[in-house]
Structure formats: C-alpha cells, structure tokens
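Here's the structure, in structure tokens; my notes come after.
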Amino acid sequence: MNARFVGDPDAVVIATRTEHVVSAVQQAVDAGRRISVRSGGHCYENFVFRPEIDTVIDVSRMDQVSFDEERRAFAVRPGALLGRIYETLFRGWGVTLPGGSCPDVGAGGHFAGGGYGPLSRRFGLTIDHLEAVEVVVVDGSGKAKAVVATRDPDDPHHELWWAHTGGGGGNFGIVTTYWFRSSGVGPDAAPGDMLPRPPAEMLVSSVTFDWSSLSSSSFQTLVANYGEWCAQHSGADDPYATLFSQLQLAPAVAGSFTLTTQLEAGAQATARLDDFLAAVTGSVPHVETDRRVLPWMHTTTGWPGFSGGDRTTRFKAKSAYHRTGFTSAQTEALYRNLADFGYPGALIMLTTFGGAVNTVDEAATASAHRDSVLKPHYIGFWTDPEQDAEQFGRLRTLYRDVYADTGGVPVPDERTDGCFINYADADLADPEQNASGVPWSTLYYKGNYPRLQRAKRTYDPGNVFTHALGIRP
C-alpha cells in the first residue's frame, strides 16, 4: 500500500494453509533468515519490506471466511479482506464484525492491532468478539509449531490469545486463523446470534466546508464543537451510539474539506442527524452535498465516505486518542499549520470514538485505550520520492505543534491517551520527535506492555518476529 517501501527478499512464500506457514517458518529459522509476514498490505511502516528481511511469508491467499461447526465460531483466515468478511458474514448469517471502513484491508494485522470501525461505538472493537486464534510460533529450541489459544482463562495458551487482542501484528508469530463469537454467547447459540447484527439501513451525509469562507475563529469553533459533541455523546447507551463521523480536515491549499457521517436509519434518524450537524457546524458556513438512506452493506463496501483511496502513493501517518476535545491552543495549531501547509495531499481525520469500546476494562484486552472519545489520524500523501524529507517535515511539524504541551506527542493524561498501533509511526521511538520522556511502548500499550513482554518471552523467546516497533522480549 505504501510506495515508500520496496522489498528485495530472497524469497516470498505464498502460503495457502497452516502447514505451509509452519514449514516456511521452520526453513527460514533453520537457515538463519529474517522473516516478515504480509496479509493485506496496509502496513504504515517498513515492518514487511526492509533490507534485512530475507523471507516474506504472504498469507493473502489464506482468505476463507466460514462457520466452524467444531469450534462453534466464525473462522476468518488472515488474508481475508474486510469487504469480503463483511459480505460473507452478512449474506450468510446476517451478522458482522465492527471492523474498519476500508474494504481492502487484510484481517491479519487489522485484528491483531485491535481493529475498529463505523460500528465500534455500538458493538466495541473487533477483538472484543475474538474467541480463539491459531498462531505459528517458534519456541526456545527453534521449533516452529501452530498453537491455538482461546478466550478461556484456564487455557494454558490464554496469554497468547490476550496478546492478539491489540498487541499488534508481527510480534508473536503468524496468525493463520481467527475465530469469532461475541463475549457471553455460548457455543450452543445459532450462528446468526453469535455476532452483532448490523442496522438494516444507514442514513449518510457529507458536508463540505470551503476554506475561502472560513476565518481562524470559525475554523477553531468548528473543531472545538466537534470535540465537545464527541465528549458529550461517548456513552454506550447514548442515542447516538450508531453515529459514526469523521471531520476530514484538509490543508487550505486543497480548497475545502468535509464532514462525513452515518447513523442507523429510522424514525429519529433525520432529527438526530440535523441536531448533530447543528451542534457541530453552528454558524460556520457549509454545504451538505449528500444525504440519503442506503442499505448497510452499501455503506460498508460501496459508499466512498470512509473508504481508502489511491494505493500508489507514498504516505506517512500519525495518530492519537483524546479523552476530551481539542484545547484552544490545539485548535489554533491545527489552523495555523493547515493554513500554511503548502501542499494539498494531507488529511487530519477526527473520528468519533468511545461508546461500547469504553465498556471494557483496559486490562481485559491488550487494547488499553478504553476511555477515549475522539480518535485523530494525521496523514500526508505524495508520489515523488524527492519530496520525502519535505513531506515528513510538514506532518511532523503539525503533529508536534498540536501536542507541544506534552513533548510533541499525545501522552496518556487527562486529555489524551496515547496512540494506535495499527497506525504505526516509527517517529515515536525517536527522541527528536518524541520529547515527552514517555516511551513509544507506553503510548501504544500503556500499562499492558509488561504483560505483552511476558507473552513475547513465552512464545517468541528468540525474537524471530520483530520490527521497529516490535514488542521487546
């Protein structure tokens, strides 16, 4: 996905079943070759393709989605793309997983990092529905083997299951199967009752803001209003729990930016959408360019409101979790940087968060960010390799300015709560970019990092699976 990274491995193994993965890992370990793994190809950093990698194990053809009668859970292979997962689950059983909005993301890393998406405020993270996982690991003697780990706390491999509820991809082994059944649902339930049922229809909306009609004051008011709305409506029982929105801020040179929203259709939907837009926009000039009711599947796999774009660009991204909206100093930093960015290829996506996500204790899963209300995603796109340094500089300056009061990063405190591992950012391990004194491991995993380290020592003591932000044994 990210054209910044081009690999030159000695071998790429296209695996189609677990036995292939075990064999490929064993051969690489025996020969002393460094391994990486690829599923959907959406990695934000060079975790798959980097000079020292000798063998890439590609599981993209392991893409089956089915109901496993023996385990009484839905089996999802790591190469299955999210769009296929949603269509298969919905058309077969009327259920879904609350995963991401980009349909060509692969299950492998998305789920391992604790994937979220448009239905997460209603149904939690994807890994909140994880029943079991099969992982190819390498023990202390250098032997590769497949291990099945389950949610059952009495399972001797329970810690390996826990590590895959947000511990990030490429850390412990290679996932070959995920099994899903919602927490509290027994194996005797009908398959159609084992996972969440999505709304039948969604009311969607797109609103455009023209930079030429905005002042510093109106821009900052808009961002502050959005953050305040998120803070006031982050409860799991809130009437707006099905509302998912992104304020997609673009630089002034781009000309305009959008507010994209969807919520469950029904008798109250129009009034709720109107109230939401009124609360966020206030008197800020805007134009609603799209409003219609669509079947849920269409909003998930066809409507372009939240889906990914060009797969041929170079990009760099950063992330944050917010427990509150933006401060006035932060909205001023956003305005100043976007007004002077000088290049149109950037987005700051401010995403509604919380709801059911926040009903889970932060130690119950490896995903520790369980009391945030807003999830910013900072990303810059370009195509010319000669622009790398310039584009990095723009994005880094913006991010450091927004979080200037906490060392240039969103440290876990009363306002912010760290970063999202699936939006991997190697800058966080660089003291020049992260002057907070808070290590990258705390930003991504908070107090769960020591437990992840223990799981790493148990299941990958030789550090066979590693990368720039890998769990350290």
Side-chain angles (χ1 to χ4, degrees), residues 81-91 94-105 116-123 196-211 213-214 222-223 225-226 229-230 232-233 238-250 254-310 347-356 374-375 377:
L81 302 184
L82 295 185
R84 176 174 181 174
I85 294 169
Y86 302 149
E87 288 197 15
T88 303
L89 292 177
F90 183 69
R91 298 190 192 285
V95 299
T96 193
L97 286 167
S101 58
C102 185
D104 58 3
V105 168
Y116 79 104
L119 292 179
S120 289
R121 280 165 49 87
R122 172 79 174 273
F123 298 123
R197 288 186 173 272
E201 294 181 319
M202 305 297 286
L203 174 61
V204 302
S205 167
S206 292
V207 172
T208 299
F209 301 87
D210 193 319
W211 268 101
S213 66
L214 296 175
L222 174 67
V223 174
N225 287 349
Y226 187 81
W229 188 94
C230 290
Q232 292 180 356
H233 296 278
D238 191 271
Y240 293 87
T242 67
L243 187 147
F244 179 82
S245 184
Q246 284 184 345
L247 181 57
Q248 301 172 343
L249 302 174
S256 63
F257 59 87
T258 62
L259 171 65
T260 307
T261 307
Q262 69 176 45
L263 70 160
E264 183 174 3
Q268 301 298 316
T270 297
R272 285 174 179 162
L273 177 59
D274 288 342
D275 289 346
F276 167 74
L277 294 178
V280 171
T281 62
S283 61
V284 178
H286 63 278
V287 176
E288 188 170 20
T289 58
D290 186 14
R291 179 184 288 210
R292 49 190 159 139
V293 173
L294 294 173
W296 170 78
M297 180 56 71
H298 288 200
T299 66
T300 302
T301 59
W303 188 58
F306 304 113
S307 61
D310 189 349
L347 277 178
I348 303 174
M349 292 172 278
L350 308 182
T351 302
T352 53
F353 203 63
L374 178 64
K375 193 167 186 172
H377 184 193

Query raised in the report: Tell me, which pairs form a side-chain hydrogen bond (donor to acceptor under 3.5 Å, both in side chains) where one or both residues lie in residues 196-206, sequence neighbours left out?
Result: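 Residue pairs with at least one partner in residues 196-206: Ser205-Glu288.
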Looking only at heavy atoms, which two atoms of [X] and [Y] are closest? And how far apart?
X      : Y      : result
Thr242 : Glu264 : OG1-N, 3.1 Å
Ala250 : Leu347 : CB-CD2, 4.1 Å
Met297 : Phe90  : CE-CB, 3.5 Å
Leu119 : Pro198 : CD1-CB, 4.1 Å
Ser256 : Thr208 : CB-CG2, 3.9 Å
Leu243 : Leu263 : CA-CB, 3.8 Å

Point-to-point distance, once rounded to the nearest 0.5 Å, from [atom1] of [X] to [atom2] of [Y]:
X      : Y      : atom1 : atom2 : answer
Met202 : Thr261 : CE    : OG1   : 10.5 Å
Lys375 : Ser120 : NZ    : OG    : 8.0 Å
Leu249 : Leu222 : CG    : CG    : 7.0 Å
Arg272 : Leu277 : CZ    : CG    : 14.5 Å
Asn225 : Leu247 : CG    : CG    : 10.5 Å
Thr352 : His233 : OG1   : NE2   : 11.5 Å

Query - Test item: Tyr86 side-chain N/O and Pro103 main-chain N/O as donor-acceptor pair under 3.5 Å - result: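 Checked: no pair found.
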Query - Short side-chain to backbone donor-acceptor contact, Arg121 and Asp238, under 3.5 Å - result: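 It does not hold such a pair.
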Query - Side-chain heavy atoms of Leu294 within contact of Gln262, under 4.5 Å - result: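 Counting from C-beta outward, Leu294 and Gln262 never come under 4.5 Å.
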**Report entry** Min side-chain heavy-atom separation Asp274-Arg291 under 4.5 Å
**Finding:**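 The answer is yes; the side chains approach within 4.5 Å.
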Query raised in the report: By ring-ring contact (aromatic ring centres under 6.0 Å, His included), which residues pair with Phe353, not counting sequence neighbours?
Result: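 Here the qualifying residues are Tyr116, Tyr321.
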Requested in this report: Only pairs at least two apart or in different chains count here, so list each ring-ring contact (aromatic ring centres under 6.0 Å, His included) that has a residue in residues 257-278.
Outcome: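 Listed by first then second residue: Phe209-Phe257, Trp211-Phe257, Trp229-Phe276.
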Report task. Verify whether one side chain among Thr258 and Gln248 offers a donor that lies under 3.5 Å from an acceptor in the other. Result ->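 Yes, because at least one side-chain N or O of Thr258 sits under 3.5 Å from a partner of the opposite role on Gln248.
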Query - Worked check of side-chain contact (heavy atoms from CB on, under 4.5 Å) between Cys102 and Leu82 - result: CA-CA 7 Å; Cys102 185; Leu82 295 185; 5.8 Å; no
